[in-house]
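Working notes, structure below.
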There are 2 protein chains.
Amino acid sequence: MDLDDTLIALADDTRRTILGRLAAGEARVTEVAAPFGISLNSVSKHIRLLERAGLVRRRIAGRDHFLSLEPKPFDELTQWMAKTRDFWSSRLNALEAALRAEDAIKAAAKSSKRTVKRKRK
Amino acid sequence: MDLDDTLIALADDTRRTILGRLAAGEARVTEVAAPFGISLNSVSKHIRLLERAGLVRRRIAGRDHFLSLEPKPFDELTQWMAKTRDFWSSRLNALEAALRAEDAIKAAAKSSKRTVKRKRK
DNA sequence: GACATATTCATCCTTTTGGGTGAATATAGG
DNA sequence: CCTATATTCACCCAAAAGGATGAATATGTC
């Protein structure tokens, strides 16, 4: 599934921070790696994962690799979430309505019993 | 981070399917597991992960464990994504604007040169 | 050509994940 | 009490993730 790659890519704080940095504009791998207390190599791996998810594009210029943010997969995920949320809401609302209806029936049954009792009295 | 748990929980098709099932209403572990070609045990583990993310609640009645969907973390994630997307957009738009301005300056410089040349002629 | 810089590759290590199986636990029902 | 059912627990396994280090590669600079 395509969503998997996007979700996996976002499910890590380091990677989310990298994306935030790239939102401010292109940056080289070393620049991106600088703020983190981890090895350049680890950051390189995170970047590869982000590329796999299509969230980051790489432009190679000489020995420098310039990275930039590609928000499309993010937007696609957002759409999927909106759709899913709507679906869930409708189902959950239907459930609630069903429960309310059930309660109403029970209440009606109770009150009619009460009425009957009163009538008997 | 709290987002991590939610994102990790959603980053698996089996788990997303489980959540979809629970959107239709409460279900026991065995019922939830039925459609999958994997062991009950694996599904049990997926459910634990979903509980860890707060996306699923468990109501124990005798030997049956009834599971239900808890959409709050999902909604929180949606909010985070909307916020993040807005942030990115603003930054990316600023970038674009900056590039356009740069181009405009270059173009202006070029045309002024041309004008000078023409004047020289 | 020699040296420095930017980045990745090849390994290694530990933890987590997603799957499996068999045993344990708890409850329901004769 | 005995048996069946619902679930989890305790392991085992292979793959991936996140980290590290040291070597390799490619490019810029003198």
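In what follows, every chain begins at residue 1, and chains take the letters A, B, ... in the order their sequences are listed. In this text the structure is predicted, and so the values were computed from the model without any measurement.
- Dashed line: the shortest gap from a side-chain N or O of A:Arg48 to OP1 or OP2 of D:dA17 is not under 4.0 Å.
- Here the C1' atom of nucleotide C:dA6 and the CG atom of A:Leu67 are 12 Å apart, to the nearest Å.
- Between C:dT8 and A:Arg28, no contact under 4.0 Å exists linking OP1 or OP2 to a side-chain N or O.
- Phosphate contact (OP1/OP2 of D:dA6, side-chain N/O of B:His65, threshold under 4.0 Å): absent.
- Protein atom CD1 of A:Ile47 is 16 Å distant from nucleotide atom C1' of D:dA17, rounded to whole Å.
- Every salt bridge (charged side-chain N to carboxylate O under 4.0 Å, His left out) that B:Arg85 has, sequence neighbours left out, goes to A:Asp75.
- Remark: A:Ala82 pairs with no residue by the side chain to side chain contact (heavy atoms under 4.5 Å, CB included) rule, at least two apart or across chains.
- The distance between atom CZ of B:Arg52 and atom C1' of C:dG18, rounded to the nearest whole Å, is 13 Å.
- For A:Leu10 and D:dA17, the CG to P distance is 14 Å, given to the nearest whole Å.
- Residues meeting the salt bridge (charged side-chain N to carboxylate O under 4.0 Å, His left out) test with A:Arg52, sequence neighbours left out: A:Asp5.
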Return a table of donor-acceptor pairs under 3.5 angstrom between the side chains of residues 63-70 of chain B and protein atoms on other chains or two or more places apart.
from: B:His65; atom 1: ND1; to: B:Arg58; atom 2: NH1; distance (Å): 2.9
from: B:Glu70; atom 1: OE1; to: B:Arg57; atom 2: NH1; distance (Å): 2.3

Heavy-atom protein contacts under 4.0 Å, nucleotides 18-28 of chain D, coded B base, S sugar-phosphate only, - none: SBBBB----BS
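- With sequence neighbours excluded, the residues satisfying side chain to side chain contact (heavy atoms under 4.5 Å, CB included) with B:Thr14 are B:Asp12, B:Ile18, B:Phe36, B:Ile38, B:His46.
- The minimum heavy-atom distance linking B:Leu10 with B:Arg16 is given by the pair O-NH1, 2.6 Å.
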